[in-house]
S.K.: 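Okay, here's the structure, questions in a sec.
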Amino acid sequence: MELQKEIQFIKGVGPGRAKLFNKLGVYTVEDLLNYIPFRYEDRGNMRPIKELLRDWYAHQDYTACQTVMGKVVSSRVIITPRQRRKIFEATVGDGSGYINAKWFNQPYLQNLFKKDITVVISGQVKLDSYNHELYMDGPEYEIIDSEDDDLINTGRIVPVYHVTNGLSQKALRKTVKGVLETHVLPEILPDDIIKKYHLPLCNEAINYIHFPPKGADID
């Protein structure tokens with residue numbers, strides 16, 4: 001019965017967001033658990049900022065996703081002179097060096113990126129053509145409240161889902177994670193088959209599919 005619960009009654013969803021899930025064909029808890037990622041990104045290789053910057057200048061890899069963890073040193077909202085676009089910029093340091101992160105048209109992030117908080121950011125490193133400094137372009141981020149914080153968007157192999165306008169990857173991951181922690185899929189295979197072929201339990205498999213453990217083969 002729990003698996004047939006309508007998605008709108010899941011914590012953090014509600015009627016409005018439920019309509020967005022419905023566009024994806026997700027109407028129940030069971031639908032959500034069977035909504036499989038279409039690819040994965042490996043954001044688990046956290047690197048010292050100094051090493052990241054050194055390697056970028058050596059190889060200039062524009063496509064690889066990089067992940068760092070550090071404290072917010074400063075932040076500000078910049079308004080471009082011509083198009084009057086708002087850019088939120090945060091400087092993150094980890095003791096080895098500093099890197100700027102920039103988000104376009106998201107000035108509200110200034111309310112989240114307070115000075116001295118610890119954050120994990122994952123994204124592509126690019127060269128600013130104006131000041132010739134490296135920066136991370138619109139990275140995914142997680143604000144770390146404690147050392148035991150369970151990262152689901154950075155610092156690990158991250159699932160990527162098909163989404164719809166108004167429903168972000170972060171919101172979808174958070175909802176899936178919450179359901180996995182509170183619901184269990186019933187086993188559908190007999191014990192003898194599971195043992196004979198060394199198969200994972202159904203619930204273990206669905207958890208692995210959504211949030212692969214550290215060391216899993218991303219391919």
S.K.: Check residues 165-175 and write down every donor-acceptor pair under 3.5 Å in which the side-chain atom is one partner and the other belongs to a residue at least two apart or another chain.
M.R.:
from	atom 1	to	atom 2	distance (Å)
Ser168	OG	Ala171	N	3.1
Gln169	OE1	Tyr161	N	3.0
Gln169	NE2	Tyr161	O	2.5
Lys170	NZ	Tyr141	O	3.0
Arg173	NE	Pro159	O	2.8
Arg173	NH1	Asn153	OD1	2.7
Arg173	NH2	Pro159	O	3.1
Thr175	OG1	Ala171	O	2.9

S.K.: For the residue pair Ile87 and Thr80, establish whether any side-chain heavy-atom pair is separated by less than 4.5 Å.
M.R.: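 Contact flag for Ile87/Thr80 side chains = yes.
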
S.K.: For residues Val29 and Phe9, determine if any side-chain heavy atom of one lies less than 4.5 Å from a side-chain heavy atom of the other.
M.R.: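 No. Closest side-chain heavy atoms not under 4.5 Å.
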
S.K.: Let me see the working for Thr67 and Ile121 under side-chain contact (heavy atoms from CB on, under 4.5 Å), right down to the final yes or no.
M.R.: CA-CA 6 Å; Thr67 301; Ile121 53 176; over 6 Å; no

S.K.: Do other residues, nucleotides or ligands put more than 12 heavy atoms under 6.0 Å from the NZ atom of Lys86?
M.R.: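 Counting neighbours around NZ of Lys86, 12 or fewer heavy atoms of other residues, nucleotides or ligands fall under 6.0 Å, so no.
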
S.K.: Please collect all salt bridge (Lys or Arg N to Asp or Glu O under 4.0 Å) contacts where either partner lies in residues 14-41, sequence neighbours excluded, each pair once.
M.R.: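 Pairs touching residues 14-41 that pass the test: Arg39-Glu41, Glu41-Arg43.
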
S.K.: If you look only at pairs with a residue in residues 192-211, which of them pass as a salt bridge (Lys or Arg N to Asp or Glu O under 4.0 Å), with sequence neighbours excluded?
M.R.: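 Output for this query is empty, none listed.
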
S.K.: Can you confirm whether Phe38 is buried at CZ, in the sense that more than 12 heavy atoms of other residues, nucleotides or ligands lie under 6.0 Å from that atom?
M.R.: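 More than 12 heavy atoms, drawn from other residues, nucleotides or ligands, come within 6.0 Å of this atom.
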
S.K.: Are side-chain heavy atoms of Leu185 and Leu3 found at a separation under 4.5 Å?
M.R.: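 SC-SC contact between Leu185 and Leu3 confirmed.
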
S.K.: Under the side-chain contact (heavy atoms from CB on, under 4.5 Å) criterion, do Val119 and Met69 qualify, and how do the steps go?
M.R.: CA-CA 6 Å; Val119 296; Met69 180 169 66; over 6 Å; no

S.K.: What donor-acceptor contacts under 3.5 angstrom involve side-chain atoms of residues 89-98, with partners at least two apart or in another chain?
M.R.:
from	atom 1	to	atom 2	distance (Å)
Glu89	OE2	Arg76	NE	3.3
Glu89	OE2	Arg76	NH2	3.4
Thr91	OG1	Asn100	OD1	2.6
Asp94	OD1	Ser96	N	2.9
Asp94	OD1	Ser96	OG	2.7
Asp94	OD1	Gly97	N	3.2
Asp94	OD2	Ile49	N	2.9
Asp94	OD2	Ser96	OG	3.3
Ser96	OG	Ile49	N	3.2
Ser96	OG	Lys50	N	3.1

S.K.: Can a side-chain donor-acceptor contact be found between Gln106 and Tyr108 if the only test is distance below 3.5 angstrom?
M.R.: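 Yes.
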
S.K.: Looking at every heavy atom in both Asn207 and Asn203, which two are closest together, and how far apart are they?
M.R.: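 Smallest interatomic distance, heavy atoms only, reads ND2-O, 2.8 Å.
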
S.K.: Begin with the C-alpha distance, continue with both residues' side-chain angles, and end with the deciding distance and a verdict on ring pair (Phe, Tyr, Trp, His ring centres under 6.0 Å) for Phe88 and Phe104.
M.R.: CA-CA 6 Å; Phe88 173 69; Phe104 290 86; over 10 Å; no

S.K.: Is there a continuous path of hydrophobic side-chain contacts, each under 4.5 Å between heavy atoms, that joins Val68 to Leu134?
M.R.: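 Yes; tracing contacts between hydrophobic side chains, which count when under 4.5 Å, links both residues.
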
S.K.: When you look at Asn105 and Arg85, which way does the side-chain contact (heavy atoms from CB on, under 4.5 Å) test go after all the steps?
M.R.: CA-CA 7 Å; Asn105 297 319; Arg85 297 173 65 188; 4.2 Å; yes

S.K.: Between OG of Ser75 and CH2 of Trp103, what distance do you get to the nearest 0.5 Å?
M.R.: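 With rounding to 0.5 Å, OG (Ser75) is 9.5 Å from CH2 (Trp103).
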
S.K.: Is it the case that one hydrophobic cluster holds both Ile117 and Val77, taking links as side-chain heavy atoms less than 4.5 Å apart, direct or via other members?
M.R.: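 Hydrophobic grouping puts Ile117 with Val77.
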
S.K.: Are Ser122 and Pro139 side-chain neighbours, meaning at least one heavy-atom pair lies under 4.5 Å?
M.R.: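 Side chain of Ser122 against side chain of Pro139, heavy atoms only: no contact under 4.5 Å found.
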
S.K.: Is any side-chain heavy atom of Glu6 closer than 4.5 Å to one of Thr28?
M.R.: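 SC-SC contact between Thr28 and Glu6 ruled out.
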
S.K.: Is Lys126 paired with Asp137 through a side-chain N to carboxylate O contact shorter than 4.0 Å?
M.R.: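 Between Lys126 and Asp137 there is a salt bridge, with a charged N closer than 4.0 Å to a carboxylate O.
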
S.K.: Could you pull out the closest heavy-atom pair between Leu53 and Ile99, with the gap in Å?
M.R.: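 For Leu53 versus Ile99, the nearest heavy atoms are CD2-CD1, 4.0 Å.
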
S.K.: Can you tell me how far NE2 of His183 sits from CG of Leu33, rounded to the nearest 0.5 angstrom?
M.R.: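 Here the rounded value is 8.0 Å.
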
S.K.: Going by the rule side chain to side chain contact (heavy atoms under 4.5 Å, CB included), which residues pair with Pro213 if we only count those two or more places apart in sequence or in a different chain?
M.R.: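 Residues passing side chain to side chain contact (heavy atoms under 4.5 Å, CB included) with Pro213: Tyr208, Ala216.
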
S.K.: Quick one: does Trp56's side chain have a donor or acceptor within less than 3.5 Å of a partner on Val125's backbone?
M.R.: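 A pair under 3.5 Å: yes.
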
S.K.: Would you compute the distance between atom CD1 of Ile10 and atom CZ of Phe21 and round it to the nearest 0.5 angstrom?
M.R.: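 With rounding to 0.5 Å, CD1 (Ile10) is 9.5 Å from CZ (Phe21).
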
S.K.: Using a 3.5 Å distance criterion without hydrogens, assess whether the side chain of Tyr40 forms a donor-acceptor pair with backbone atoms of Ile209.
M.R.: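 Side chain of Tyr40 to backbone of Ile209, a donor-acceptor pair under 3.5 Å: yes, one is there.
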
S.K.: From Glu133 CD over to Leu127 CG, what is the distance, rounded to the nearest 0.5 angstrom?
M.R.: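 Here the rounded value is 9.5 Å.
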
S.K.: Determine whether Val176 and Leu32 make a side-chain contact, defined as any pair of heavy atoms from C-beta on separated by less than 4.5 Å.
M.R.: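 The answer is yes, as the side chains (C-beta and beyond) meet within the 4.5 Å cut-off.
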
S.K.: Over all heavy atoms of both residues, which pair between Leu189 and Leu199 is shortest? Give the atoms and the distance, please.
M.R.: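 So the two residues come closest at CD1-CD1, 3.7 Å.
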
S.K.: Is there a side-chain contact between Asp55 and Arg47 in this structure, where contact means two heavy atoms from C-beta onward sitting under 4.5 Å apart?
M.R.: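 Yes; the side chains approach each other to less than 4.5 Å.
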
S.K.: Ignoring hydrogens and geometry, is there a side-chain-to-backbone donor-acceptor pair from Glu187 to Cys202 under 3.5 Å?
M.R.: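 Yes; judged by distance alone, with no hydrogens or angles, the pair exists.
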
S.K.: Is the backbone N or O of Ile36 less than 3.5 Å from a side-chain atom of His210, with the two atoms forming a donor-acceptor pair by type?
M.R.: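 Answer holds: no.
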
S.K.: Distance check, rounded to the nearest 0.5 Å: Thr164 atom OG1 versus Leu24 atom CG?
M.R.: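 Between Thr164 OG1 and Leu24 CG, I get 6.0 Å after rounding to 0.5 Å.
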
S.K.: Starting from Val158, can I reach Val163 by hopping between I/L/V/M/F/W/Y residues whose side chains sit under 4.5 Å apart?
M.R.: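 In one cluster with Val163: Val158, no.
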
S.K.: Applying side chain to side chain contact (heavy atoms under 4.5 Å, CB included), can you list everything that pairs with Ile188, at least two apart in sequence or on another chain?
M.R.: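 By the side chain to side chain contact (heavy atoms under 4.5 Å, CB included) rule, Ile188 matches no residue at all.
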
S.K.: Flag the pair Val26 / Asn22 as yes when at least one side-chain heavy-atom distance between them is below 4.5 Å, and no otherwise.
M.R.: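 No. Closest side-chain heavy atoms not under 4.5 Å.
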
